[in-house]
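Heads up, the thing below is written out as structure tokens.
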Amino acid sequence: MESPVTTASNSVQKLTSKDFASDQDVRWCPGCGDYSILKQVQTVLPELGVAKENIVFVAGIGCSSRFPYYMETYGVHSIHGRATAVASGLKASRPELSVWVTAGDGDLLSIGGNHFIHILRRNFDINLLLFNNEIYGLTKGQYSPTSPEGKITKSTPVGSIDHPFNPLALAMGAEGTFIARSMDRDPKHMQGILKRAYEHKGTSFVEIYQNCNVFNDGAFEVFTEKSSKKGETLFIEHGKPLLFGENSEKGIRLDGFKPVIVNLADGFSASDLWIHDEKDRVKASMLVRFFDNPSHAGHFPRPFGIFYTEDRYCYEDAMDRQIAENIAKKGEGDLNKILRGAETWVIK
Amino acid sequence: MSKTNEVLEEVTIRFAGDSGDGMQLTGTQFTHTAALLGNDLSTFPDFPAEIRAPQGTLAGVSGFQLHFGSIEIFTPGDQCDVLVVMNAAALKANLKLLKPGGTIIANADGFDPKNLRLAGIPDGHNPLENGSLERYKVHVMDVTKMTRTCLKDSGLGTKEIDRAKNMFVLGFLYWLYNREMDGSLKFLRDKFGKKQDILDANINVLKAGYNYGETTEAFDKRYEVRAAKMPPGTYRNIMGNQAAALGLIAASKTTGLTLFYGTYPITPASDILHELSKYKNFGVKTFQAEDEIAAVCSAIGASFGGSLGVTASSGPGIALKTEAIGLALMLELPLVVIDVQRGGPSTGLPTKTEQADLLQALYGRNGEAPVCVVAAATPADCFDMAYEACRISLEHMIPVIFLSDGYIANGAEPWMFPQAADLKKINVKFIKEKNAGEKYLPYKRDEKLSRPWAIPGTKGLEHRIGGIEKQHETGNISYDPENHEFMVKLREAKVEKIADHIPLQQIDSGNDKGKLLVLGWGSTYGAIRMAVGKARAKGLDVSHAHLHYIKPFPKNIGELLSRFDQVLIPEINNGQLVKVIRDKFMIPAIGFSKVQGLPFSATEIENRINEVLKK
């Protein structure tokens, strides 16, 4: 059957963010960080030049997984943890579509952990947005696989004894080819990252720190609030030195394989610092490890931006290539021939 | 010495040996040759779950039974006429399956002290020597020794030489049953073409086995089994899993939809994956997922995209797919789920057959979650029912579970294959325009109660679907109590509506009314058919009907059942269809179960028929 896909060039008039809002009322709690993510996605999509009908949002279960209902695109609200698996099958069968997955930390890293690591190694060209609020919101406040140790929640009244995942380190370990972090409170940054995620050919994994103001309010405020943001965050950009602090007065320097925080006032210049290279796997592996608890003395600032990118073939392309090669070699499949098989006999 | 020829109507041979002895290959090759000669046939591979269980032990015995004849053959045979045993353990494990007076062909080397010990036979009790087999015709051949002698100059090591000894047995049997070796010679050339020394060794040993028959004086008789009188046509040999794979490809080809097969390896379903992965030039996309859940979910994703989404597994994997099957029925997308059943529960008996997933298929989901369930009766029928599963799933936008089992999946039979042009048409269309004025209603239904299939890329039909209860027609999230009840009943009615689009139930053999109906489903077909045939030949008033459609049932099934005084339902489980029949039709159907990981023998069913009719 013929695919009805239209190419972006001949079908897209200039769309606006409003064109991407569905007729459904958005039902997240007032003040939820999800609103910002929805807004940034709807802002970025018109700039990408993809026709609405060629975009699919796929989600599992959780607050953030309601996302597809609010997008005037194609969408599937599937089952808990399995959005990446549904999206894999969709992308494998329709490589020309722009496929986006929205998932929470419980959905993607707990019940869906297995599918998460496997989609990364297969490198389907899918944009995978992790809404990390370090809590189970839809089930009303249990700790999640990203909640910090000691976290007091409904299911951990005397503190969580679970050691949390470091999602970006996990993604590096799972052979991810695009690994980034952003936050709900920095719209411009998020928009930039989303665009790069779309442009990357392969599974683009973006962790977004997202505040759950009902069950885990302020989980990321040290990174998002004006008073502490500059001292606690490290915005990384390809080719630029790692600088942070109120007036960018601090930097990260590599002492052999050991990162150290230095003060520029102590005689260091930008050229002494670690220059970010998003293609450098070794350095990216170190950078994702900047994951200290901000309350610990001597901790590193938390990086935001694109940690790592790599060009690697996508599963769906390889799959289509094998099919094309096979057809070139054997010719288009002949049903009668295979029904007949290699050997037959006639009964008269 | 001249040897006489005896013509036989039917023969059952059982090949048994260590799982490393190549008995499956020997059996398959003999089967293939029998098929090409025009014999009707049925096979039953019976192997252990371990790839290589400890050599020489009972646990490691692998068997392959072949029933072939010049008459109609429906089962692999209750008992065998000839038992080929490569070692003592194989004899011990299989002797009970040999008919009294049957023939044993034994490999002498497999009865040395070590093999006897491994088989748990005490010293001094070698069955080949202690007279315990005097009820049988025993032929001892030193297969290992003769194979080694034959290949002593081949330059191969002992291990490689010994691997060829199954060819000696095969060659000998070809001689014994007057068969040509051409098919197997071709097979060997295809298999070992690039390894000349191994190819030569196998061919030499195969011929040596044949020549041994010619020269040995131990056998004064050869046998002939002539071609069967089957309906005229062109035939091929086919195994169930192979047939299922072809059924899927046929549905893909006739509809023009891409076949997307998301699966995870599991016995005994994996061969469908192996088969499908060969057909990339048909555009088939096989996806070996990270687990069973990802497998079914990927198929759902593909189906949302407009492909023919198929997943397959066996019982344990189907259990894992359960939630996602529920999702597919809420999304009302086509999805074909193949369950090649095996012994359960849990890991159960991975390589043995069972029909114990029927209730799982019918009811094994959370909530009110009706899906369509169909079942194949024979290896070749796997083609028809896989194709039907695709047809129903696509035309009715609904998940269809197709039940096969280890017995027919690995069993083989001759198949008068169809021509592509003769396949039933499958009506699929993607909706391109809005269906309600200015709006697109994704859950607006047609006369089949089926919803439209609008696939991504279709301008103006952007929509969202999900597993949450949805409002009638709009598909919007709805928690309204009345709507939920309405939707539950609608989804049930939608499945039942399929009954308008499937054939009425036929009587397979016997009268259309009478004292006893034997009602079967799935792989019990052959055994029931034979048993009913025999009972009828003795004058008993018994008929046979075989269900291919279980949810929904054919519309006339209640009326058909009411025409018989009694209904007997044999099943390879603890009584599952019988529960459904009793529940739905309120009749005192009699269950007859066997749960040994083995198929019914025709005799078992015939005996049960006698008992029921005597009362």
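In the text below, chain A, chain B and the rest are named by the order of the sequence lines, each starting its count at 1. No hydrogens, no waters, no symmetry mates; every other heavy atom, side chains included, goes into these values.
Residues A:S93 and B:F304 are not in side-chain contact: their nearest non-hydrogen atoms beyond the backbone lie 4.5 Å or more apart. Contact of the A:H115 side chain with the B:D291 side chain is registered, since non-hydrogen atoms from C-beta on lie closer than 4.5 Å. Looking only at side-chain heavy atoms (C-beta outward), A:E53 and B:P456 stay at 4.5 Å or farther from each other. Counting only heavy atoms from C-beta outward, the side chains of B:I468 and A:R66 approach each other to under 4.5 Å. Side-chain atoms of B:F282 and A:I327, non-hydrogen and from C-beta on, never get closer than 4.5 Å to each other.
B:L461 touches chain A through backbone and side chain together, each having a heavy atom under 4.5 Å away. With a threshold of 4.5 angstrom between heavy atoms, B:A250 approaches chain A through its backbone and through its side chain. Interface remark: B:T234 contributes backbone and side-chain atoms alike to the contact with chain A (heavy atom separation under 4.5 Å). Only the backbone of B:V284 comes within less than 4.5 Å of a heavy atom in chain A; its side chain stays farther off. Of the atoms belonging to A:Y315, it is side-chain heavy atoms, and not backbone ones, that fall under 4.5 Å from chain B. If you measure heavy-atom distances from A:D320 to chain B, the contacts under 4.5 Å come from the side chain alone. Contacts of B:S303 with chain A are absent, with no heavy-atom separation under 4.5 Å from either backbone or side chain. Heavy atoms closer than 4.5 Å to chain A are found nowhere in B:A243, neither backbone nor side chain. With a 4.5 angstrom heavy-atom cutoff, A:A87 does not touch chain B via any of its atoms. If you measure heavy-atom distances from B:A35 to chain A, the contacts under 4.5 Å come from both the backbone and the side chain. The part of B:P231 that comes within reach of chain A is its backbone (N, CA, C, O), which places non-hydrogen atoms under 4.5 angstrom from that chain. Contacts of A:Y70 with chain B are absent, with no heavy-atom separation under 4.5 Å from either backbone or side chain. The parts of A:V76 that come within reach of chain B are both its backbone and its side chain, each placing non-hydrogen atoms under 4.5 angstrom from that chain.
The CG atom of A:N54 sits 9.5 Å away from atom NZ of B:K459, with the distance rounded to the nearest 0.5 Å. We find the NZ-OH distance between A:K330 and B:Y279 to be 8.5 Å, quoted to the nearest 0.5 Å. Summarising the geometry, atom OG belonging to B:S298 is positioned 11.0 Å from atom CD1 belonging to A:I119; distances are rounded to the nearest 0.5 Å. A:E316 contributes atom CD, which lies 10.5 Å from atom CZ of B:F287 (distance to the nearest 0.5 angstrom).
Taking A:V346, A:I79, A:I55, A:V58 one by one and counting their heavy-atom pairs under 4.5 Å with chain B, the maximum is reached by A:I79. Heavy-atom pairs under 4.5 Å with chain B were tallied for A:A59, A:P68, A:A328; the largest tally goes to A:P68. The candidate from B:A295, B:G466, B:C297, B:G262 with the greatest count of non-hydrogen atom pairs under 4.5 Å with chain A is B:C297. When each of A:E332, A:K91, A:E343 is checked for heavy-atom pairs under 4.5 Å with chain B, A:E343 comes out on top. Each of A:N336, A:V56, A:V99 has some count of heavy-atom pairs under 4.5 Å with chain B, and the biggest count is that of A:N336. For the options B:A294, B:G233, B:G467, heavy-atom pairs under 4.5 Å to chain A are most numerous at B:G233. Across A:T84, A:D334, A:I61, the residue that shares the most heavy-atom pairs under 4.5 angstrom with chain B is A:D334.
Within the 3.5 Å criterion, the main-chain N or O of A:M71 finds a donor-acceptor partner in the side chain of B:R464. In this structure a side-chain-to-backbone donor-acceptor pair under 3.5 Å is present from B:K253 to A:G333. Within the 3.5 Å criterion, the main-chain N or O of A:G331 finds a donor-acceptor partner in the side chain of B:N281. A distance-only check finds no donor-acceptor pair linking the side chain of B:K285 to the backbone of A:M319 [under 3.5 Å]. Remark: side-chain polar atoms of B:R236 are paired, donor with acceptor, to backbone N or O of A:L339 under 3.5 angstrom.
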Starting from the C-alpha separation in whole Å, work towards a yes-or-no answer on side-chain contact (heavy atoms from CB on, under 4.5 Å) for A:I347 and B:Y235. CA-CA 8 Å; A:I347 306 260; B:Y235 286 77; 3.4 Å; yes

Please report the C-alpha distance between A:R122 and B:E290 in whole Å, then the side-chain angles of each, then the deciding distance to 0.1 Å, and finally whether the salt bridge (Lys or Arg N to Asp or Glu O under 4.0 Å) criterion is met. CA-CA 11 Å; A:R122 291 194 182 106; B:E290 58 272 25; 2.7 Å; yes

So A:Q24 and B:N476, side chain to side chain donor-acceptor pair (under 3.5 Å) or not? Walk me through it. CA-CA 8 Å; A:Q24 299 293 295; B:N476 291 334; 3.3 Å; yes

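When all heavy atoms of A:S78 and B:L327 are compared, the closest pair comes out as CB-CD2, 3.7 Å. Between B:I249 and A:L335, the shortest heavy-atom contact is CG2-CD1, 4.3 Å. Across all their heavy atoms, B:G38 and A:W345 have their closest contact at CA-NE1, 3.5 Å. Between B:F417 and A:R340, the shortest heavy-atom distance links the atoms CZ-CG, 3.4 Å. Summarising the geometry of B:I455 relative to A:Y74, their closest heavy-atom pair is O-OH, 3.3 Å, with the distance given to 0.1 Å.
A 6.0 Å sphere centred on CG of A:D25 holds no more than 12 heavy atoms belonging to other residues, nucleotides or ligands. Environment of CD in B:E180: sparse, with no more than 12 heavy atoms of neighbouring residues, nucleotides or ligands closer than 6.0 Å. The number of heavy atoms from other shown groups lying within 6.0 Å of NZ (A:K337) does not exceed 12. Atom NZ of A:K39 has 12 or fewer heavy atoms from other residues, nucleotides or ligands within 6.0 Å.
The side chain to side chain contact (heavy atoms under 4.5 Å, CB included) search around B:S478 returns B:Q471, B:D480, B:N483, not counting sequence neighbours.
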